[in-house]
Amino acid sequence: MRILIIEDEVTLNKMLAEGLKEFGYQSDVVETLKDGEYYLDIRNYDLVLMDWMLPDGNSVDIIGDIKTKTPKTVVVVLSARDDNESEIEALRSGADDYIRKPFDFDVLVARLDARLRFGGSNIIEIEDLIINPEEEKITYKESEIELKGKPFEVLTHLARHRDQIVSKEQLLDAIWEEPELVTPNVIEVAINQIRQKMDKPLNITTIETVRRRGYRFCFPKEIN
């Protein structure tokens with residue numbers, strides 16, 4: 001499970017990231033609304049945990065955009081505001097939960113677990129192609145495709161952004177934990193595996209190369 005933490009209190013965001021890691025959660029941490037929007041644009045998150053008041057704005061203002069782009073992403077607001085009106089405003093803006101500061105960490109984790117358990121699915125369905133990120137599973141016309149690891153993540157990211165051209169740098173930043181430590185050719189390797197293990201055997205094309213710009217998800221596109 002991948003979580004985005006948007007929290008400007010450095011001590012708190014570090015505590016959240018380290019604590020959630022012990023429960024198997026993979027977290028990205030930012031301190032501003034602008035950086036949060038950047039990460040939301042390049043990565044897919046199961047849950048966004050965000051402070052209400054940030055240096056450059058109120059996080060509740062972007063909940064609608066998050067829910068429009070990825071309806072199944074769970075949004076949880078953290079806030080020092082303890083009035084009912086603020087909680088109502090956050091929930092009406094689309095938040096799935098509202099947690100007041102200070103909070104008990106174990107209770108926080110339990111509530112996140114509950115929201116993720118009942119938050120729904122981020123399964124991608126495009127005609128006969130079904131991509132299930134939660135189970136790392138791909139099905140085409142009821143046949144399961146053997147594609148795992150980074151190639152699966154690359155395919156999933158491109159499918160989620162199928163109206164866009166995604167550069168190698170964006171893919172590295174979105175998928176690799178430390179993108180600065182790997183070379184862009186790992187993307188070419190992943191794309192080649194997708195084409196060899198999936199496209200070629202099924203006689204379909206899922207990804208096209210856009211010269212000097214990157215890649216674009218193009219399914220359905222039959223090979224003649």
Side-chain angles (χ1 to χ4, degrees), residues 1-63 65-67 69-70 72-82 86-87 90-91 94-122 133-136 148-150 152-154 156-157 160 169-182 186:
M1 291 286 186
R2 185 187 287 272
I3 293 179
L4 175 63
I5 300 171
I6 310 177
E7 169 59 65
D8 63 321
E9 293 182 36
V10 178
T11 302
L12 178 56
N13 66 36
K14 184 178 180 181
M15 180 274 289
L16 287 168
E18 292 178 351
L20 289 169
K21 185 177 182 180
E22 294 182 8
F23 287 87
Y25 292 108
Q26 183 177 328
S27 302
D28 292 320
V29 179
V30 296
E31 298 173 18
T32 66
L33 202 60
K34 182 178 180 180
D35 287 343
E37 291 178 304
Y38 170 77
Y39 272 84
L40 285 164
D41 188 51
I42 67 169
R43 288 186 173 172
N44 304 313
Y45 292 97
D46 299 290
L47 185 144
V48 180
L49 180 63
M50 54 190 186
D51 186 21
W52 180 305
M53 299 293 292
L54 295 162
D56 54 346
N58 297 329
S59 63
V60 292
D61 293 337
I62 68 169
I63 295 175
D65 290 337
I66 296 172
K67 289 297 187 177
K69 294 177 182 177
T70 54
K72 300 301 182 180
T73 297
V74 175
V75 177
V76 176
V77 175
L78 295 174
S79 179
R81 299 184 179 193
D82 60 0
S86 294
E87 181 173 358
L91 294 173
D96 297 281
D97 204 352
Y98 184 92
I99 299 176
R100 292 182 170 90
K101 297 179 180 179
F103 52 83
D104 181 272
F105 184 76
D106 289 334
V107 174
L108 171 71
V109 172
R111 291 177 72 165
L112 297 187
D113 285 343
R115 290 299 174 184
L116 287 167
R117 189 163 61 249
F118 299 112
S121 170
N122 285 308
E134 297 165 10
E135 298 181 6
E136 200 175 48
K148 304 293 183 182
K150 295 305 183 187
F152 177 88
E153 293 184 53
V154 169
T156 301
H157 187 83
R160 289 201 183 283
E169 290 74 18
Q170 288 173 317
L171 284 168
L172 285 173
D173 203 20
I175 297 169
W176 272 260
E177 283 300 300
E178 298 179 302
E180 68 278 2
L181 300 181
V182 296
V186 297

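- The line from CD of Glu37 to CG of Asp61 is 9.5 Å long, rounded to the nearest 0.5 Å.
- With rounding to the nearest 0.5 angstrom, the CD1 atom of Ile5 is 12.0 Å from the CG atom of Asp51.
- A salt bridge between Arg115 and Asp97 is present, with a side-chain N of the basic residue lying under 4.0 Å from a carboxylate O of the acidic one.
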Can you list the steps and then say if Leu108 with Leu16 is a side-chain contact (heavy atoms from CB on, under 4.5 Å)?
CA-CA 10 Å; Leu108 171 71; Leu16 287 168; 3.5 Å; yes
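- Phe105 is listed as a side-chain neighbour of Met15, based on a closest heavy-atom distance under 4.5 Å.
- Atom OG1 of residue Thr73 and atom CD1 of residue Ile3 lie 11.5 Å apart, to the nearest 0.5 angstrom.
- Considering all non-hydrogen atoms of both residues, Thr156 and Pro133 come closest at CG2-CG, 3.9 Å.
- Judged by distance alone, the side chain of Glu9 and the main-chain N or O of Thr11 form no donor-acceptor pair under 3.5 Å.
- Residues Leu78 and Met50 form no side-chain contact, since every pair of their non-hydrogen atoms from C-beta on lies 4.5 Å or further apart.
- Residues Val10 and Asn13 approach most closely at O-OD1, 2.8 Å, considering heavy atoms.
- For Glu169, the salt bridge (Lys or Arg N to Asp or Glu O under 4.0 Å) criterion is met by no residue, not counting sequence neighbours.
- Rounding to the nearest 0.5 angstrom, the gap separating the CD1 atom in Ile62 from the CD1 atom in Ile66 is 4.0 Å.
- Shown here for Ala90 and Ile63, the closest heavy-atom pair between the two residues is O-CD1, 4.2 Å.
- Between Lys101 and Trp52 the shortest side-chain heavy-atom distance does not fall below 4.5 Å.
- Minimum interatomic distance between Ile6 and Val48 (heavy atoms only, all atoms of both residues): CD1-CG1, 4.1 Å.
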Enumerate, atom names and distances included, each donor-acceptor pair closer than 3.5 Å involving a side-chain atom of residues 21-32, sequence neighbours excluded.
{"from": "Tyr25", "atom 1": "OH", "to": "Asp113", "atom 2": "OD1", "distance (Å)": "2.1"}
{"from": "Gln26", "atom 1": "NE2", "to": "Glu177", "atom 2": "OE2", "distance (Å)": "2.1"}
{"from": "Asp28", "atom 1": "OD1", "to": "Arg43", "atom 2": "NH1", "distance (Å)": "2.7"}
{"from": "Asp28", "atom 1": "OD2", "to": "Arg2", "atom 2": "NH1", "distance (Å)": "3.2"}
{"from": "Asp28", "atom 1": "OD2", "to": "Arg43", "atom 2": "NH1", "distance (Å)": "2.5"}
{"from": "Asp28", "atom 1": "OD2", "to": "Tyr45", "atom 2": "OH", "distance (Å)": "2.7"}
{"from": "Thr32", "atom 1": "OG1", "to": "Asp35", "atom 2": "N", "distance (Å)": "3.1"}
{"from": "Thr32", "atom 1": "OG1", "to": "Asp35", "atom 2": "OD2", "distance (Å)": "3.3"}

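- Of all heavy-atom pairs spanning Val77 and Ala95, the tightest one is CG2-CB, 3.9 Å.
- Put simply, CG on Leu47 and CG on Leu116 are 5.0 Å apart, with the number rounded to the nearest 0.5 Å.
- Between Asp96 and Lys67 there is a salt bridge, since at least one side-chain N of the basic residue sits less than 4.0 Å from a carboxylate O of the acidic one.
- For the pair Arg81 and Met53, the minimum side-chain heavy-atom distance is below 4.5 Å.
- Between atom CG of residue Leu54 and atom CG of residue Asp8 there is a gap of 5.5 Å, rounded to the nearest 0.5 Å.
- Scanning for side chain to side chain contact (heavy atoms under 4.5 Å, CB included) contacts around Val182 gives Leu172, Trp176, Val186, with sequence neighbours left out.
- Counting non-hydrogen atoms of other residues, nucleotides and ligands closer than 6.0 Å to NZ of Lys14 gives a total of 12 or fewer.
- A donor-acceptor pair is defined here as one N or O able to donate and one able to accept, closer than 3.5 Å; such a pair exists between the side chain of Asp104 and the backbone of Asp106.
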